[in-house]
Amino acid sequence: MSSTHPTPPHCHFRRLNLDHSLMHEQIKGTKRFILFPPSASHDMYVYPRLHPSTRQSQVDLRSYAIDRFPRFKKWANATSPRLGTRPLETVLSPGDILYLPPYYWHRASVVGNETAISIGVYTQSLPLTAYPLFKQHGLPWPPHAGAGERIATFREYAIAIAAQLPPSLGQSHVRAGGFACAVLQRCVCLADADATAEGDGAVRRRLKRWVADRYAAIDDPRVVRGVGELVCRSDAAFARLLPSEAPRLPHSRTAWVRTHARALRTNVQQLPNRGEYFSAEAWELELTSLLEDVAGAAVGAELALQLLEWVVGSPVLTTEKCERELHYDGHISTSID
């Protein structure tokens with residue numbers, strides 16, 4: 001990895017080490033790193049899965065619209081000395097090594113005008129091992145399913161996926177006699193917990209937040225030009241695709257979809273590990289990306305947002321926002337350097 005730019009042209013936070021543990025060694029020149037812990041992920045406004053900048057933050061450090069990213073402001077102004085509640089900053093000189101655990105947000109820039117050369121060594125991690133399980137998790141409908149069946153199935157699948165709590169590796173079932181249950185008192189019946197959560201309005205609110213986090217600002221021309229107009233024009237196409245009556249699945253099919261969703265967490269939980277675990281933030285990021293992928297498979301990438309909005313029951317983008325983009329003059333009135 002090398003660069004001669006004092007700062008990148010777009011200073012978005014990048015999660016290049018999303019699934020890996022990264023050892024970053026500086027060979028020549030100097031680099032400045034700004035680091036945010038995984039707990040900041042909810043405030044980073046990740047690009048949608050189907051966007052070219054997926055798995056990166058929409059926030060531009062050098063100039064960002066405060067009103068579009070209100071949750072990020074608390075990190076920009078954080079002064080708490082407690083680790084994990086504020087960003088970290090470090091400067092690497094030749095011979096320095098920086099270790100970045102998985103899911104740490106970071107932005108790197110060259111200090112001065114000298115060419116900077118560094119080496120990144122990626123090592124295995126639990127998220128990296130689990131990543132293929134997310135990608136290989138089968139679609140929840142049969143190959144011959146029509147549009148109506150895919151839409152109905154996706155609604156149940158999205159709710160079931162949002163109900164999946166992070167895999168608490170080392171936990172046991174209620175009646176298990178393992179060390180975790182007998183000594184540490186870390187016992188939980190995962191299937192029963194899911195059945196309760198799936199019927200809870202909190203799951204729908206969580207799902208709505210996931211969608212809003214990724215799409216609420218994507219139509220703003222101060223963030224990305226042209227996307228809002230494109231997405232809003234897909235509303236009519238989705239309305240034509242949607243059946244006149246809201247499609248419903250039979251109970252037996254709904255039960256199978258929930259079991260299928262639960263199997264993903266079970267498979268991750270059974271992976272061998274070295275004391276690693278999925279944080280709640282990392283788990284949420286991966287599940288949101290999975291739902292976006294499945295939504296794209298159900299109705300096509302251009303209508304994925306419309307399907308997600310239909311599931312959560314409210315639009316993320318509005319006509320007013322679409323019209324605002326058409327009249328955008330390129331001026332950002334609220335920004336922080």
Side-chain angles (χ1 to χ4, degrees), residues 48-51 54 133-164 191 194-216 218-219 227-265 267 284 286-319 321-322:
R49 177 71 181 89
L50 303 176
H51 190 277
T54 181
L133 297 181
F134 289 92
K135 292 301 178 183
Q136 296 168 8
H137 195 237
L139 295 174
W141 51 75
H144 60 271
E149 183 178 356
R150 295 196 304 270
I151 290 173
T153 303
F154 179 80
R155 175 168 52 189
E156 299 299 335
Y157 180 74
I159 295 172
I161 283 292
Q164 301 307 305
D194 283 347
T196 300
E198 286 161 1
D200 192 342
V203 175
R204 290 184 180 273
R205 291 192 295 271
R206 185 186 311 141
L207 183 59
K208 184 176 181 178
R209 176 176 60 80
W210 291 2
V211 177
D213 283 352
R214 296 205 176 185
Y215 288 94
I218 201 65
D219 69 313
V227 173
E229 181 184 357
L230 176 64
V231 172
C232 288
R233 287 177 176 173
S234 299
D235 288 344
F238 181 74
R240 291 192 297 268
L241 183 66
L242 194 64
S244 57
E245 295 185 6
R248 294 286 180 181
L249 291 182
H251 177 75
S252 59
R253 184 65 183 169
T254 298
W256 182 90
V257 169
R258 293 181 176 182
T259 300
H260 178 64
R262 190 179 300 126
L264 174 63
R265 185 181 62 182
N267 292 337
E284 181 177 299
E286 297 299 354
L287 290 187
T288 306
S289 294
L290 172 64
L291 286 180
E292 289 184 275
D293 283 339
V294 178
V299 295
E302 68 279 6
L303 300 181
L305 172 58
Q306 280 70 27
L307 177 56
L308 290 166
E309 288 180 324
W310 178 77
V311 169
V312 300
S314 62
V316 175
L317 307 182
T318 66
T319 303
K321 292 179 180 179
C322 295

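None of these values were measured; they are calculated from a predicted model.
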Undergrad: How many angstroms lie between CD in E292 and OH in Y215, if you round to the nearest 0.5 Å?
TA: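 Going from the CD atom of E292 to the OH atom of Y215 covers 3.5 Å.
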Undergrad: Return the CG to CZ distance between L249 and F154, rounded to the nearest 0.5 Å.
TA: 12.5 Å
Undergrad: Where the side chain of E156 meets the backbone of A152, is there a donor-acceptor pair that is under 3.5 Å apart?
TA: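 Between the backbone of A152 and the side chain of E156 there is no qualifying donor-acceptor contact (under 3.5 Å).
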Undergrad: Between A304 and G296, what is the shortest heavy-atom contact and its length?
TA: CB-N, 4.0 Å
Undergrad: Testing the basics here: between V203 and A162, what is the closest heavy-atom pair and its distance to 0.1 Å?
TA: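 In terms of heavy atoms, the two residues are closest at CG1-CB, 3.6 Å.
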Undergrad: Nearest 0.5 Å, what's the CZ-CZ distance between R155 and R150?
TA: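 Answer rounded to 0.5 Å: 15.5 Å.
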Undergrad: Hey, can you tell me if W256 and H260 have their rings parallel, tilted or perpendicular (30° and 60° cut-offs)?
TA: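 It falls in the parallel class, under 30°.
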Undergrad: What I want to check is whether the side chains of S289 and R214 have a donor and an acceptor closer together than 3.5 Å.
TA: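 Distance-only check passes for S289 and R214.
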Undergrad: Once you round to the nearest 0.5 Å, how far does CZ of R205 lie from CZ of R209?
TA: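 Here the interatomic distance stands at 11.5 Å.
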Undergrad: Which one of L307, L207, V211, V311 satisfies the side chain to side chain contact (heavy atoms under 4.5 Å, CB included) criterion with L291?
TA: L207
Undergrad: How long is the span from the CH2 atom in W210 to the CZ atom in R206, to the nearest 0.5 Å?
TA: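 Reported value, rounded in 0.5 Å steps: 6.5 Å.
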Undergrad: Distance-only, no hydrogens or angles: does the T153 side chain make a donor-acceptor pair with backbone N or O of P140 under 3.5 Å?
TA: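 Judged by distance alone, no pair lies under 3.5 Å.
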Undergrad: Residues in side-chain contact (heavy atoms from CB on, under 4.5 Å) with A297, at least two apart?
TA: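 A297: side-chain contact (heavy atoms from CB on, under 4.5 Å) contacts with L139, W141.
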Undergrad: Using the side-chain contact (heavy atoms from CB on, under 4.5 Å) rule, take V294 and I161 through it: C-alpha gap first, then chi angles, then the decisive distance, then the call.
TA: CA-CA 11 Å; V294 178; I161 283 292; over 6 Å; no
Undergrad: Quick one: CH2 on W310 to CG on L241, what's the gap to the nearest 0.5 Å?
TA: 10.5 Å
Undergrad: What are the two closest non-hydrogen atoms of I159 and R204, and how far apart are they?
TA: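 Result for this residue pair: CD1-NH2, 3.1 Å.
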Undergrad: Examine distances only and state if a side-chain atom of R49 and a backbone atom of T288 form a donor-acceptor pair shorter than 3.5 Å.
TA: no
Undergrad: Within the 4.5 Å heavy-atom criterion, are D293 and K135 side-chain neighbours or not?
TA: yes
